[in-house]
Structures are given as structure tokens and as C-alpha cells.
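Values in this document were obtained by computation on a predicted structure and should not be read as measured data.
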Amino acid sequence: MITTRFAPSPTGYLHIGGLRTALFSWLWAKKNEGEFLLRIEDTDLSRNSDEALEAILKAFDWVGMSYNGEAIYQSKRFDIYAKYVEQLLKEGKAYRCYMSKEELSTLREEQMSKGERTRYDGRYRNFKGTPPEGIEPVIRIKAPTEGNIIFNDGVKGEICIAATEVDDFVIARAGGVPTYNFVVAIDDALMGLSDVIRGDDHLYNTPKQMVVYEALGFKLPNFYHVAMINNEQGKKLSKRDGATDVMEYKALGYLPEALLNFLVRLGWSHGDQEIFSIDEMIELFDPKNINKSSSNYNLDKLLWLNAHYIKNMPNEKLALHLKEYGVEVEEHDKLELLLDATKERGKTLVELANQINLILTTPTEYDAKASKKAFKGEAMNILSDFVTMLQTWDKPLHTPPEYHEVIEKFVADKEIGFGKIGQPLRVTLLGSMTGSGLDEIMAIIGVEETVHRIEKVIKLHTL
RNA sequence: GACCCUUUCAUCUAGUGGCCAAGGAUAUUGCGUUUUCAUCGCAAAAACAAAGGUUCAAAUCCUUUAGGGGUCGCCA
């Protein structure tokens, strides 16, 4: 049985890097028909916020990832942690340390100046005397003092860290609140995790957590440390790099399936395959194919994927998404035609919404460059004649081919090139020189609106 | 500074000693399709960080150097 988890701390929005590790964990659990659990790391009372937690849950919901059972809150488990602190104290595997913060920082400065990695020197490890007055002690765990701490990372291979690099770290603060590395190890063990997939910024926490596992006699899970996502310049992703909040991608018009496909290919691959449906990801994901090195975030690829998913999405479903972007077309009688005519022209739902609005609303502005080019010479007469032909047309006018026939007949009768009517008509209908096919546009808006738009232009240009 | 991780086209990546004078994808450029734009199709350009080894044979193994990242909290 594979059990994985995502363990965010509710101090901000869900970051795309966090979403990727969550995705990897989720996929691995799903693939093995195991469980994916959610744990909220809120042991730091002062930094938590309800809004942050809500934002994280909302982002999970948006991408369609769900977790098994109830979310676990560490803040509600303090009694459990306290019990284990007691146990370790009793067994002599942990001890009270009365070092003041001033003493600690002096020690660090000394070590730093000697060019050493800073760490606690163990001065209270075997302390038997009378504790100093006025100091509320912290609890430290006894870490091994010699040898190496070795574990086999599922991504990076064997990791070997000298025991001297791991100090007797604090497991309970003055006041008794337990610390991160202590509670993570306990919860991961108690929640029955088989596989811990996390960012490689946690690599150095692993030996510390192993000390806790060892002291408490817990079974070690498999660890996988996934390298970071950097910005396009290869530097650490920061707010200045644009969207790092998952929900921002929704606002920008990205489909969740595109974002997940993008993220799953950042640091993971399955041969040459680029497009993965959610089901395929679940079927094919395996942490053994996770890359060792960090990867750069690349907006072009995400955009391409998003365009791909828009193009291939059934129109009904697309219409549902579009509602979130202020476009109500579900009830439109030409829905299929409208979306088929526009969805290849929008890389994001925002762009697609604009394309649709361009067709659905009578233009109020006409692109200056386009109209200068299109509305010259005989253009108004040609448009006027075209109106006449539309109004006297005696065959049905509903589909694009039917409109196409009108235009064909028109250019044949007039003995003019397609461009003579095409350019002015396009600018007339859309206000711009580029966009969907004329036949489609007319079929969508109908004869009446077509005529209306042409007459509006003629009126503007004959005053 | 110390410790740990990492290094294939601009970017994401395939590649586990011979199938590699390195493959795919995005972006770029060109051509074609399209009355426009977009889509689509075809083509081009583009990389094994460097130096030493090991081997009949190295992108793949080893060493060193250089670059990038992470960690060194009574934060998580």
C-alpha cells in the first residue's frame, strides 16, 4: 500500500512548486490505489492564517486534486507530541538545554568565524548540575556523534551525511511547543506514510528526522527529494517572476489540465511524450523517472499546452469554463459554430473570451490601420451592393457554406477579387483585419446583424 | 565560509558503455495550406560545462576544475 501526503504550512497561497510536489504525491498514490493525505503544518501559531489555508484548499479544488479522509492539523495534536517528548526524556534520548539565546548566537558567530558549519555544541547533553536561574529550557534530542547518516533517496540515490553535521536539535521550544522536524517525523510515521515526496530544500531535514525515527523506533518511509523549479533565467522563482500563486493561473485563463500537464513534465518524463491526460499521468507516473536536476519554468510551453487543451475540449465543457470569464454562450443557438470558429485563436480562456466578444458584439471601434486600408476606393459601394445581394438572396442563409456561396456569387458577378470584398467586410464585422472566417462570422450573427454592421460602417463613411 | 545536491540544443527533456557524427517537444526562422489572422503540415538552425583518466569503445564510469541550487533557527 502506497500512502503519500502533502503537508503545506498555511502561511500563504499555494505555490506552483508546491502544487508540483503535491501532484507527484497524488499521482503516485492514485497509480497504486493508495492514499493521498493532507496535513496542515500549523505549529507556528504566529504565522498561520485561515485565509491562507482556504486559498490552498481552493487551489486543490480548482485543479481537481482531492485527498483521502480529513485534513490533519498539527496544532490539534500537541498532546501526542508532548507524550513523545516525555518518552524521549524518560529514556534519556532527549534532554533539557538551558542555553540562552545570547549564548547560542555567540557560539554561532565563533563557528562562523572559524569557517565551520554552525551547530549546537552539546554542552547540556550530559549536564547533571543545577540549572541556571531564569532560563526556561528547550528540549534537544540526542543525535549520533560519529559515523554517517545514510539513506537512499528515490530521486538522488544514496545520500551520505556525516553525523557531525547533525546537531542535537531542538524538538520542543521553551514553553513546550514542538518543532517542525520532530512533529513531521512523528506524523509521517503515525499517518502510515510509505513514500514522502517533497522539495529538495528538505534534503537536510531528512537526517534530522531520521534521528527522531530512530529514537522512537518508527519505520522509515521512502524519501524522494525533487529539485526546485527556477524562473526562466534559472534563478529561484520569486514573486517578481509573475504568477507563482496557483490561482493566478485561473485568472490568466489557464485550464487546470494544462497547468498539471505543464507541471508534470517539469522534472518528470515518460520517453518523448508531451501530452498527458490526468488518467495517463496516473497510469504512467513513477518517481523513478523524476529528474535529479532543477528545471526552469517556461511560459511558452504552458501556453502551447493551454492552447492544445482549449482546441481539443468539447464545446459544451468549454462554454462552462468561459462563464468564469464573463462570457455566457451556453444558450447560444450557434454554440458549436461559435466555439469552433474561435477556439483555435485563443491561447488562453481570456483570449478566447475576447475573440468571442469580438464576434458577438457590434464593433464600436475600428482599427485605424485596418480601416484605412480596407475602407478606401470603391469599398463603400461594394459593401452597399453586398447588402443588396444579401437582402435579395432567395436561398436559406444559416450555415457557413451558404454564406460562402453568396460571396462567391458576389465576386463572380462583380468580376472583382476576393480581397475587394473580403477586407472591407472583415473590418466592418469585427473592427479588425484579423480573426475568424467571414462565412463563420456571418453564419453566427445572422443576416440581420451582418446588414446592420455594414450599414453602420457605410453611414460612418458617407457623412 | 562549511556541508549536501546538480550540470545534454535558448527552454522542458530522451539517453543507464556500442543502437548517438545525440532523438522528441516548445520557442525561433523558412516554405506550404488558409481571401486575413490563427490552426495545421513540412523543413532548417540549435546541445553532451571544461580538462584529465578507465576502456577496443564514454553523453553514459572515475578524478579535478568551473557554473547553478539547497541547507546551516526555540521557521516550516
Side-chain angles (χ1 to χ4, degrees), chain A residues 7-11 41-44 46-48 74 97 99 101 104-105 108 111-120 136-140 153 155-157 159-162 164-167 169-181 183-184 199-207 225 227-228 230 232-236 262 265-275 289 291-305 307 311 342-347 351 355 370 374 407 411 417-423 425-427 430 432-439:
Chain A
S9 64
T11 52
E41 315 234 303
D42 53 355
T43 53
D44 188 353
S46 57
R47 298 207 312 169
N48 298 328
Q74 291 188 319
C97 168
M99 203 168 174
K101 294 197 175 183
L104 243 185
S105 62
R108 287 203 182 104
Q111 290 169 331
M112 202 72 97
S113 69
K114 278 193 275 180
E116 292 170 6
R117 192 175 146 85
T118 59
R119 61 189 182 274
Y120 175 68
E136 198 178 1
V138 298
I139 315 289
R140 289 181 181 273
D153 187 277
V155 174
K156 312 244 184 203
I159 305 289
C160 175
I161 291 164
T164 50
E165 293 294 321
V166 180
D167 63 2
F169 61 94
V170 174
I171 59 170
R173 302 166 170 92
V177 178
T179 60
Y180 175 77
N181 282 117
V183 300
V184 164
D200 77 358
D201 48 341
H202 286 285
L203 195 71
Y204 248 90
N205 287 327
T206 305
H225 290 97
M228 303 279 95
N230 297 131
E232 311 211 22
Q233 287 74 42
K235 299 291 177 192
K236 192 177 177 177
F262 171 69
R265 282 288 288 105
L266 227 46
W268 176 83
S269 61
H270 177 74
D272 286 340
Q273 188 169 344
E274 295 288 347
I275 306 288
N289 294 322
N291 238 280
K292 290 170 185 239
S293 54
S294 59
S295 38
N296 292 5
Y297 172 93
N298 174 227
L299 190 70
D300 282 330
K301 195 135 186 185
L302 173 59
L303 224 38
W304 170 73
L305 281 164
K311 272 183 299 196
T342 48
K343 68 186 185 183
E344 290 187 346
R345 260 165 273 261
K347 284 191 189 299
E351 284 178 18
Q355 286 290 328
I407 297 183
V411 296
F418 212 112
K420 286 278 183 214
I421 174 68
Q423 286 199 349
L425 187 55
R426 172 176 304 285
V427 179
L430 292 184
S432 129
M433 193 67 103
T434 61
S436 306
L438 293 171
D439 311 333

Checklist entry - For A/Lys343, which residues count as a side chain to side chain contact (heavy atoms under 4.5 Å, CB included) partner, sequence neighbours excluded? => result A/Ile310, A/Asn315, A/Leu318, A/Asp340, A/Leu352
Next on the checklist: What's A/Lys114 touching, base or sugar-phosphate or nothing? Going by heavy atoms closer than 4.0 Å.
Outcome noted: nothing
Item to check | Validation row: A/Gln111, A/Arg119 side chains within 4.5 angstrom (heavy atoms) | outcome: yes
Next on the checklist: Could you tell me the Watson-Crick or G-U partner of B/A58, where both distances fall under 3.5 Å? Say none if there is no partner.
Outcome noted: none
Next on the checklist: Please confirm whether the shortest side-chain N or O distance from A/Arg108 to OP1 or OP2 of B/G73 is below 4.0 Å.
Outcome noted: yes
Checklist entry - Counting any heavy atom closer than 4.0 Å, what does A/Ser9 reach on the DNA or RNA strands: base, sugar-phosphate only, or nothing? => result sugar-phosphate
N/O to N/O distances under 3.5 Å, protein versus nucleotides 38-41 of chain B:
residue	atom	partner	partner atom	Å
B/A38	O2'	A/Glu344	O	2.4
B/U39	O3'	A/Lys311	NZ	2.8
B/U39	O2'	A/Glu344	OE1	3.4
B/U39	O2'	A/Glu344	OE2	3.3
B/C40	OP1	A/Lys311	NZ	2.8

Next on the checklist: The criterion is side-chain hydrogen bond (donor to acceptor under 3.5 Å, both in side chains); which residues satisfy it with A/Glu165, sequence neighbours excluded?
Outcome noted: A/Arg117
Checklist entry - To the side chain of A/Leu104, which of B/U71, B/C74, B/A76 is closest? => result B/C74
Item to check | Base-pairing assignment for B/A22 (Watson-Crick or G-U wobble, both under 3.5 Å) | outcome: none
Item to check | Complement of B/A44, any strand, by Watson-Crick or G-U distances under 3.5 angstrom | outcome: B/U28
Checklist entry - Can you name the ring pair (Phe, Tyr, Trp, His ring centres under 6.0 Å) partners of A/Tyr204, sequence neighbours left out? => result none
Item to check | Residue A/Met228, side-chain atoms from C-beta onward, closest of B/C72, B/G70, B/U35 | outcome: B/G70
Checklist entry - With a non-hydrogen cut-off below 4.0 angstrom, is A/Arg119 in contact with a base, only sugar-phosphate, or nothing? => result nothing
Item to check | d(CG, A/Asp201; C1', B/C3) in whole Å | outcome: 16 Å
Checklist entry - Using purine N1 to pyrimidine N3 plus N6-O4 or O6-N4 for Watson-Crick, or N1-O2 and O6-N3 for G-U wobble, both under 3.5 Å, which nucleotide pairs with B/G1? => result B/C72
Checklist entry - With sequence neighbours excluded, what pairs up with A/Arg426 under the side-chain hydrogen bond (donor to acceptor under 3.5 Å, both in side chains) test? => result none
Item to check | Complement of B/A66, any strand, by Watson-Crick or G-U distances under 3.5 angstrom | outcome: B/U7
Item to check | side-chain hydrogen bond (donor to acceptor under 3.5 Å, both in side chains) against A/Thr43, all qualifying residues, sequence neighbours excluded | outcome: none
Next on the checklist: Below the 4.0 Å mark, does B/A2 have OP1 or OP2 next to a side-chain nitrogen or oxygen of A/Thr118?
Outcome noted: no
Checklist outcome for this item: Atom CE of A/Met99 and atom C1' of B/G73 are separated, to the nearest Å, by 13 Å
Checklist outcome for this item: Across all chains, not counting sequence neighbours, the side-chain hydrogen bond (donor to acceptor under 3.5 Å, both in side chains) partners of A/Ser294 are A/Asn230
Next on the checklist: Taking side chain to side chain contact (heavy atoms under 4.5 Å, CB included) as the definition, give me every residue that meets it alongside A/Arg140, ordered by chain and number, with sequence neighbours left out.
Outcome noted: A/Tyr95, A/Cys97, A/Leu104, A/Tyr120, A/Val138, A/Asp168, A/Val170
Checklist outcome for this item: Going 5' to 3' through nucleotides 5-15 of chain B and flagging B where a protein heavy-atom sits under 4.0 Å of the base, S where only the sugar-phosphate is that close, and - otherwise, we get SSS---SBSS-
Checklist entry - Tell me: NZ of A/Lys235 to C1' of B/G68, nearest whole Å? => result 7 Å
Item to check | Protein-nucleotide distance (A/Ile161, atom CD1; B/G70, atom C1'), rounded to Å | outcome: 11 Å
Checklist outcome for this item: Under a 3.5 Å limit on both distances, the Watson-Crick or wobble mate of B/U33 is none
Next on the checklist: Over all strands shown, is A/Gly419 touching base, sugar-phosphate only, or nothing at heavy-atom distances under 4.0 angstrom?
Outcome noted: nothing
